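This report refers to the structure that appears directly beneath it.
Every value quoted in this text rests on a predicted model; they were computed, and no experiment measured them. The figures here come from the full heavy-atom set of this structure, side chains too, leaving out hydrogens, waters and symmetry mates.
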Amino acid sequence: MARKTGSHSEITGPRVRAAALKLFARHGFAAVSMRQIAAEVGVQAGALYLYTKDKQSLLFDLMQAHMDELLSAWAAQPKADDAVSRLEAFARFHIQFHLERPDAVFIAYMELRNLSDENFAAIEALRRRYEGELEAILQAGQAEGVLSAPDIRLTTMALIAMLTGVNTWYRDGGRLSRDAVADIYWDMVRGAVGA
């Protein structure tokens, strides 16, 4: 579909995604209409279709962007030689990355049920790649004899759930700083795998 002459897709497109992210996180995907997103952006509802095919595509794009950013940011992190240091880096990275993006994290976990089967499979594949990073650390730690996980896959899922859970309760300005939370969670992760 062609854009209208004089439209600013490099400005309006990101505004559409930002409005959808905010509204989906606040009210849930099913409760938000394209009209509400348009009103938030300040455009007519029909204009949204210049920037997205439909609401499902918008949800998928938000989730895919989150996962792509997560994978890229983790890939850019320096990697230590030993598994325990890599595990610590993963735990601290996961907490810090996710605390910076509470709306994207909420959508990435709570709105999976609203994806089409095809879109779900694509997001699940990206999630599996990220989980595979932690699995590889745990496997290396077992091979080095410095970590103990009776079931690598189950341990991976439990650790990611625990680390992501920080987003459900943490608030800036609370009793603990982000760094203090990361320190405490690293102690819990280390204890969970006998590091």
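The 12-atom threshold is not exceeded at CZ of Arg175, counting heavy atoms of other residues, nucleotides or ligands nearer than 6.0 Å. With a 6.0 Å radius and a threshold of 12 heavy atoms from other residues, nucleotides or ligands, Asp117 has its CG atom at or below the threshold. The environment of Arg129 atom CZ is sparse: at most 12 non-hydrogen atoms of other residues, nucleotides or ligands sit within 6.0 angstrom.
Glu144 contributes a side-chain N or O that, together with a main-chain N or O of Ala83, makes up a donor-acceptor pair within less than 3.5 Å. Between the side chain of Gln36 and the backbone N or O of Ser33 there is at least one donor-acceptor pair closer than 3.5 Å. Between the Ser85 side chain and the Asp82 main chain, no donor and acceptor come within less than 3.5 Å of each other.
Scanning both residues, Leu23 and Val32, for their nearest heavy atoms gives O-CG2, 3.4 Å. Here the shortest heavy-atom pairing between Ala73 and Phe97 reads CB-CE1, 3.8 Å. Gln142 and Pro150 get closest at one heavy-atom pair: OE1-N, 4.4 Å. Across Ala38 and Ala45, no two heavy atoms sit closer than the pair CB-CA, 3.5 Å. In this structure, Val41 and Ala19 approach most closely via the heavy-atom pair CG2-CB, 3.6 Å. Pairing each heavy atom of Tyr49 with each of Asp54, the nearest pair is CE2-CA, 4.2 Å.
Distance check, rounded to the nearest 0.5 Å: CG of Leu115 to CD of Gln56 gives 5.5 Å. A distance of 9.5 Å separates CG of Leu70 from CG of Leu126, quoted to the nearest 0.5 Å. Between the CZ atom in Arg127 and the CG atom in Leu71 there is a gap of 11.5 Å [rounded to 0.5 Å]. The line from NZ of Lys22 to NE2 of His27 is 8.0 Å long, rounded to the nearest 0.5 Å. Atom CZ of Phe24 and atom CG of Leu62 lie 6.5 Å apart (nearest 0.5 Å). For the atom pair Arg128 CZ and Glu124 CD, the distance stands at 8.5 Å (nearest 0.5 Å).
Between Leu163 and Tyr185 the shortest side-chain heavy-atom distance falls below 4.5 Å. Put simply, the side chain of Asn119 reaches to within 4.5 Å of the side chain of Ser116, judged on heavy atoms. Within the 4.5 Å cutoff, the side chain of Ile184 has heavy atoms near those of the Leu176 side chain. Put simply, the side chain of Leu134 reaches to within 4.5 Å of the side chain of Leu87, judged on heavy atoms.
A salt bridge does not link Glu88 to Arg190: none of the charged side-chain nitrogens sits closer than 4.0 Å to a carboxylate oxygen. Looking at Arg26 and Asp103, no side-chain N of the basic residue comes within less than 4.0 Å of a carboxylate O on the acidic one, giving no salt bridge. Taking 4.0 Å as the cut-off between side-chain N and carboxylate O, Asp81 and Arg86 do not count as a salt-bridged pair. Salt-bridge check for Glu40 with Arg35: failed, with every basic side-chain N at 4.0 Å or more from each acidic carboxylate O.
Between His66 and Phe106, the ring center distance fails the sub-6.0 Å criterion.
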_Chi angles and distances behind the side chain to side chain contact (heavy atoms under 4.5 Å, CB included) call for Ile95, Arg178_ = CA-CA 8 Å; Ile95 288 170; Arg178 290 179 181 205; over 6 Å; no
*Do Leu58 and Ile37 pass the side chain to side chain contact (heavy atoms under 4.5 Å, CB included) test, and can you show the C-alpha distance, the side-chain angles, and the key distance before you say yes or no?*
CA-CA 11 Å; Leu58 195 49; Ile37 296 168; 3.8 Å; yes
_What verdict does the ring pair (Phe, Tyr, Trp, His ring centres under 6.0 Å) test give for Phe90 and Trp74, after you've listed the backbone C-alpha separation in whole Å, the side-chain angles of each residue and the deciding distance to 0.1 Å?_
CA-CA 8 Å; Phe90 184 94; Trp74 172 246; 5.2 Å; yes
*Hey, mind stepping through Asp183 and Arg92 against salt bridge (Lys or Arg N to Asp or Glu O under 4.0 Å) and telling me if it holds?*
CA-CA 8 Å; Asp183 290 343; Arg92 291 179 184 282; 2.8 Å; yes
*When you look at Tyr170 and His98, which way does the side chain to side chain donor-acceptor pair (under 3.5 Å) test go after all the steps?*
CA-CA 11 Å; Tyr170 182 82; His98 286 74; over 6 Å; no
*Would Val193 and Leu159 satisfy side chain to side chain contact (heavy atoms under 4.5 Å, CB included), going step by step from the backbone distance to the final call?*
CA-CA 10 Å; Val193 295; Leu159 291 178; 4.2 Å; yes
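Val189 and Trp169 end up in the same hydrophobic cluster when Ile, Leu, Val, Met, Phe, Trp and Tyr side chains are linked at under 4.5 Å. Cluster annotation: Ile137 and Met188 are assigned to the same hydrophobic cluster (Ile/Leu/Val/Met/Phe/Trp/Tyr, side-chain heavy-atom contacts under 4.5 Å, transitive).
Across Met34, Lys53, Lys55, a single residue satisfies side chain to side chain contact (heavy atoms under 4.5 Å, CB included) together with Leu48, and that is Met34.
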